[in-house]
Amino acid sequence: MKSINKLLVANRSEIAIRICRSAHELGIRTVAMYSFEDRFALHRFKADEAYQIGTQGEPVRAYLDIDSVIRICREHKIDAVHPGYGFMSENPDLARACEENGIIFVGPSVDCLERLGDKTAARAIAEQAGVPVLSGSQKAIASAEEGRTLAEKLGFPIILKAAKGGGGRGMRVVREAKEFDASFESATRESQSAFGSPDIFIEKYIEQARHIEVQLMGDAHGNLVHLYERDCSVQRRHQKVVEIAPAPNLLPEVRAALCEAAIKIGKQVGYQNAGTVEFLVDKQTNQYYFIEVNPRIQVEHTVTEEVTGVDVVKTQILVAQGEPLSHPDIDLADQSKIQTVGFALQCRVTTEDPANGFLPDYGRVSHYRSASGMGIRLDAGSAFSGAVVHPYYDSMLVKVSARGRKFTAAVKRMERALQEFRVRGVKTNIPFLIRVMSNKTFLDGDCTTRFIDETPDLFK
Ligand code: ADP
């Protein structure tokens with residue numbers, strides 16, 4: 001057990017601020033890092049101390065620089081690093097460098113990050129744990145020819161996926177043999193440039209799928225619990241747009257099976273800290289399949305917090321210190337006492353223009369008025385009048401969460417909150433999100449991952 005006195009957040013924007021909030025509540029001194037381009041960003045000023053990494057012209061590299069993270073920790077007596085999501089969060093090299101320097105890494109072990117970092121390896125772990133996976137290739141495919149032969153055997157449609165991938169990149173749905181080679185080449189190229197690995201594998205594609213994922217939390221003493229599920233089926237280009245907890249319209253036996261399967265996978269690898277096991281559920285058969293584990297905090301952890309009352313980030317920090325799940329400030333020793341109340345959903349408000357193919361917009365936010373009121377939670381980075389939206393980073397402006405006793409009440413509250421926003425100077429996807437909130441399929445809790453693509457009304 002080593003208590004954390006000073007925590008560096010190796011990330012930026014809303015998640016950096018989110019982490020500082022929990023650390024502050026635990027009496028931990030917070031440290032931010034920022035690129036030159038982020039020198040006016042809010043996360044810099046929300047921390048107790050802040051240090052610039054790199055110089056002008058390296059806005060992304062600044063958040064990928066392991067040596068600088070370790071140097072800052074040593075120079076400023078920092079005893080823990082929280083990596084947030086994206087950037088270095090799943091990089092075993094950062095976790096290892098922390099370990100070697102006696103710094104606590106707020107996340108799973110190096111071994112877990114290494115084993116789960118490759119999706120084909122993660123599929124094998126799920127199979128060993130007795131959890132169903134989609135039929136596909138056991139490992140990366142060596143050539144278009146080999147892939148095409150396998151795809152023909154599996155039957156189209158199939159999906160090509162980057163083994164080291166994330167964020168929906170390096171993925172291609174292939175519906176016919178004659179499209180295979182071109183899709184394989186482009187997926188390989190995209191994977192190489194985005195993830196530094198050309199490895200592509202194949203899975204059978206499910207046409208009518210719901211994306212349901214289970215939040216896990218494990219301590220360093222072998223205890224592991226789940227915090228129920230989230231429905232992240234509302235997606236654009238395989239990226240989540242709206243997330244819901246718990247999943248509306250999910251059969252209780254499917255929910256129980258998913259939670260149990262997630263625990264089995266977590267146990268298989270001795271999972272510690274927060275992680276998410278993702279599944280696809282075939283809407284027609286209710287059969288579920290493992291797709292991947294995300295060994296980090298996720299963007300959508302907020303909705304789980306809203307319905308369980310558990311501060312996931314605070315728990316991550318306490319568990320990283322070596323506290324057991326039974327610690328009074330965590331109080332997650334007994335799975336049967338972890339309950340959800342009502343529903344929560346989150347919308348990712350981005351500076352993307354829905355009227356123009358969701359093209360990211362940049363520039364100065366001239367006016368910003370946000371929503372508030374009962375059951376509304378906002379997690380924002382630099383969202384204020386005068387803030388500058390840069391082209392270098394993802395386009396998330398603010399995450400809006402709404403809670404309600406019933407799903408429809410939570411949705412109505414979200415729609416009301418979205419209507420309250422006034423953002424000028426940059427385009428946002430708010431008008432699009434409002435249309436999602438009024439859509440019958442969405443209100444019925446019936447969305448599959450193709451909902452946005454199959455609903456042209458959302459764009460009118
Ligand atoms: P990433 O790590 O890039 O987010 P995932 O493997 O988590 O990739 O998949 C992201 C999304 O892609 C899923 O939520 C789903 O919408 C779609 N997808 C992935 N695999 C399949 C599949 N086998 N069948 C249907 N859709 C899939």
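For this chain, numbers begin at 1 and follow the sequence in order. Numbering of ligands and ligand atoms starts at 1, following listing order.
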Salt-bridge present (Arg96, Glu114; N to O < 4.0 Å):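 Yes.
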Identity of the nearest option to atom 19 (C) of ligand 1, non-hydrogen atoms only, from Glu213, Lys119, Arg169, Lys161: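 Nearest heavy atom to atom 19 (C) of ligand 1 lies in Lys161.
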Any Met171 heavy atom less than 4.0 Å from ligand 1: yes
Proximity flag Ala209 to ligand 1, non-hydrogen atoms under 4.0 Å: no
What atoms of ligand 1 come within less than 4.0 Å of a heavy atom belonging to [X]?
{"X": "Leu134", "result": "23 (N)"}
{"X": "Thr449", "result": "16 (O)"}
{"X": "Gly168", "result": "1 (P), 3 (O), 4 (O)"}
{"X": "His211", "result": "13 (C), 14 (O)"}
{"X": "Glu278", "result": "7 (O)"}

If the plane angle is over 60° it's perpendicular, under 30° parallel, otherwise tilted; pick one for [X] and [Y].
{"X": "Phe290", "Y": "Phe279", "value": "perpendicular"}
{"X": "His390", "Y": "Tyr392", "value": "parallel"}
{"X": "Phe87", "Y": "Tyr393", "value": "perpendicular"}

Considering only heavy atoms, does [X] approach ligand 1 within less than 4.0 Å through its side chain, its backbone, both, or neither?
{"X": "Gln235", "value": "side chain"}
{"X": "Lys204", "value": "backbone"}
{"X": "Leu280", "value": "side chain"}

Closest protein heavy atom (residue, atom, distance) for [atom]:
{"atom": "atom 26 (N) of ligand 1", "answer": "Tyr205 CE1, 3.5 Å"}
{"atom": "atom 7 (O) of ligand 1", "answer": "Glu292 OE2, 2.5 Å"}
{"atom": "atom 12 (O) of ligand 1", "answer": "His238 ND1, 3.3 Å"}

Exceeds 12 heavy-atom contacts within 6.0 angstrom, atom NZ of Lys412: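 No.
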Neighbour count above 12 (heavy atom, 6.0 Å) for Glu145 CD: no
Donor + acceptor pair across side chains of Ser193, Arg189 (<3.5 Å): no
Side-chain donor-acceptor pair present, His301, Arg230, cut-off under 3.5 Å: no
Geometric N/O contact Gly167 with ligand 1, under 3.5 angstrom: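 Right, the criterion is met.
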Gap separating the CG atom of Asp93 from the CE atom of Met88, nearest 0.5 angstrom: 11.0 Å
Lys399/Glu300 under salt bridge (charged side-chain N to carboxylate O under 4.0 Å, His left out): CA gap, chis, key distance, verdict: CA-CA 9 Å; Lys399 304 191 307 198; Glu300 59 271 25; over 6 Å; no
